[in-house]
Student: 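For reference, the structure I am asking about is given below.
All figures in this text were calculated on a predicted structure; none of them were measured in a lab.
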Amino acid sequence: MKVDEKCDVYSYGVLTLEVMMGKHPGDFISSLMFSASTSSSSPTVHNTLLRDVLDQRLPPPENELADGVAHVAKLAFACLQTDPHYRPTMRQVSTELTTRWPPLPKLFSTIELEDELVHRNVNG
């Protein structure tokens, strides 16, 4: 394995999910990798709500905070792309984190992981 910036980006994605989930996301990430390598979603991804993956000890985010949580989750998933060439750079991650996020297109409570994973590209 070649150690470079794309490894740092991957690590950022893992750390971000760990903070959001309140536990290490190892098995969760493995299931994401499985779903990315097959044509169908794994049971972990299929019909799973983003809110159900978040640390349940915390209240669900609301309003602008919900926008931010969904945006950061999308960014974390982009960092976990199996192929390092498709991961954003740390400069892109930094830019995304300092950009004003658009409102969510639907209620936070209805966002599924598939919604976040299908639209992983942070640039569009």
Student: Once you round to the nearest 0.5 Å, how far does CG of Leu107 lie from CZ of Arg51?
Tutor: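 The CG atom of Leu107 sits 10.0 Å away from the CZ atom of Arg51.
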Student: Does Asp55 have any side chain to side chain donor-acceptor pair (under 3.5 Å) partners at least two apart in sequence or in another chain, and if so, which?
Tutor: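 Only Arg57 meet the side chain to side chain donor-acceptor pair (under 3.5 Å) criterion with Asp55.
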Student: Please find the pair of heavy atoms, one from Gly26 and one from His24, that lie closest to each other, and give the distance.
Tutor: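 It is N-ND1, 2.9 Å.
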Student: Following the transitive rule for hydrophobic clusters with a side-chain heavy-atom cut-off under 4.5 Å over Ile, Leu, Val, Met, Phe, Trp and Tyr, establish whether Phe77 and Leu15 coincide in one cluster.
Tutor: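 No; tracing contacts between hydrophobic side chains, which count when under 4.5 Å, never links both residues.
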Student: How about Lys23: does its NZ atom have over 12 heavy atoms from other parts shown lying under 6.0 Å from it?
Tutor: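 No, NZ of Lys23 has 12 or fewer neighbouring heavy atoms, counting only those of other groups under 6.0 Å.
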Student: According to a 4.5 Å side-chain heavy-atom criterion applied to Ile, Leu, Val, Met, Phe, Trp and Tyr, with indirect links allowed, do Val19 and Met90 form part of one hydrophobic cluster?
Tutor: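 No; Met90 is not reachable from Val19 via cluster members.
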Student: The test is side-chain contact (heavy atoms from CB on, under 4.5 Å); show your working for Thr48 and Glu112 and say whether it passes.
Tutor: CA-CA 5 Å; Thr48 300; Glu112 295 181 3; over 6 Å; no
Student: Does atom CD of Gln56 have more than 12 heavy-atom neighbours from other groups under 6.0 Å away?
Tutor: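 For Gln56, atom CD is crowded (more than 12 foreign heavy atoms under 6.0 Å).
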Student: Who passes side chain to side chain donor-acceptor pair (under 3.5 Å) against Asn63, sequence neighbours left out?
Tutor: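 Here no residue qualifies.
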Student: Stepwise, does the side-chain contact (heavy atoms from CB on, under 4.5 Å) test hold for Leu17 with Tyr12?
Tutor: CA-CA 9 Å; Leu17 282 183; Tyr12 169 80; over 6 Å; no
Student: Scan residues 78-100 for pairs that pass ring-ring contact (aromatic ring centres under 6.0 Å, His included), counting only residues two or more places apart or in two chains.
Tutor: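 Applying ring-ring contact (aromatic ring centres under 6.0 Å, His included) to every pair that reaches into residues 78-100, excluding sequence neighbours, yields nothing.
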Student: Given 3.5 Å as the limit, does a donor-acceptor pair link the side chain of Trp101 with the main chain of Glu96, or not?
Tutor: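 Side chain of Trp101 to backbone of Glu96, a donor-acceptor pair under 3.5 Å: yes, one is there.
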Student: Rounded to the nearest 0.5 Å, how far apart are CG of Leu49 and CD1 of Ile111?
Tutor: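 Atom-to-atom, Leu49:CG and Ile111:CD1 are 9.5 Å apart.
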Student: Under a 3.5 Å distance rule, please check whether Asp67 uses its side chain to pair with a backbone N or O of Leu104 as donor and acceptor.
Tutor: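 A pair under 3.5 Å: yes.
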Student: Answer yes or no: is there a side-chain heavy-atom contact under 4.5 Å between Cys79 and Pro88?
Tutor: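 Touching, per the 4.5 Å side-chain cut-off.
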Student: Answer whether the closest heavy-atom distance between the side chains of Pro25 and Val14 falls below 4.5 Å.
Tutor: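 A side-chain contact exists here, since the closest heavy-atom pair is under 4.5 Å.
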Student: Can you find a heavy atom in the side chain of Val69 that is under 4.5 Å from one in the side chain of Leu54?
Tutor: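 The answer is yes, as the side chains (C-beta and beyond) meet within the 4.5 Å cut-off.
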Student: Pro61 versus Phe108: any side-chain heavy-atom pair under 4.5 Å?
Tutor: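 The answer is yes, as the side chains (C-beta and beyond) meet within the 4.5 Å cut-off.
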Student: Taking Gln92 for the side chain and Thr89 for the main chain, is one N or O donor matched with an acceptor at less than 3.5 Å?
Tutor: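 Such a contact is found between Gln92 side chain and Thr89 backbone.
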Student: What distance separates Arg87 CZ from Leu80 CG, expressed to the nearest 0.5 Å?
Tutor: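 One gets 7.5 Å once the value is rounded to the nearest 0.5 Å.
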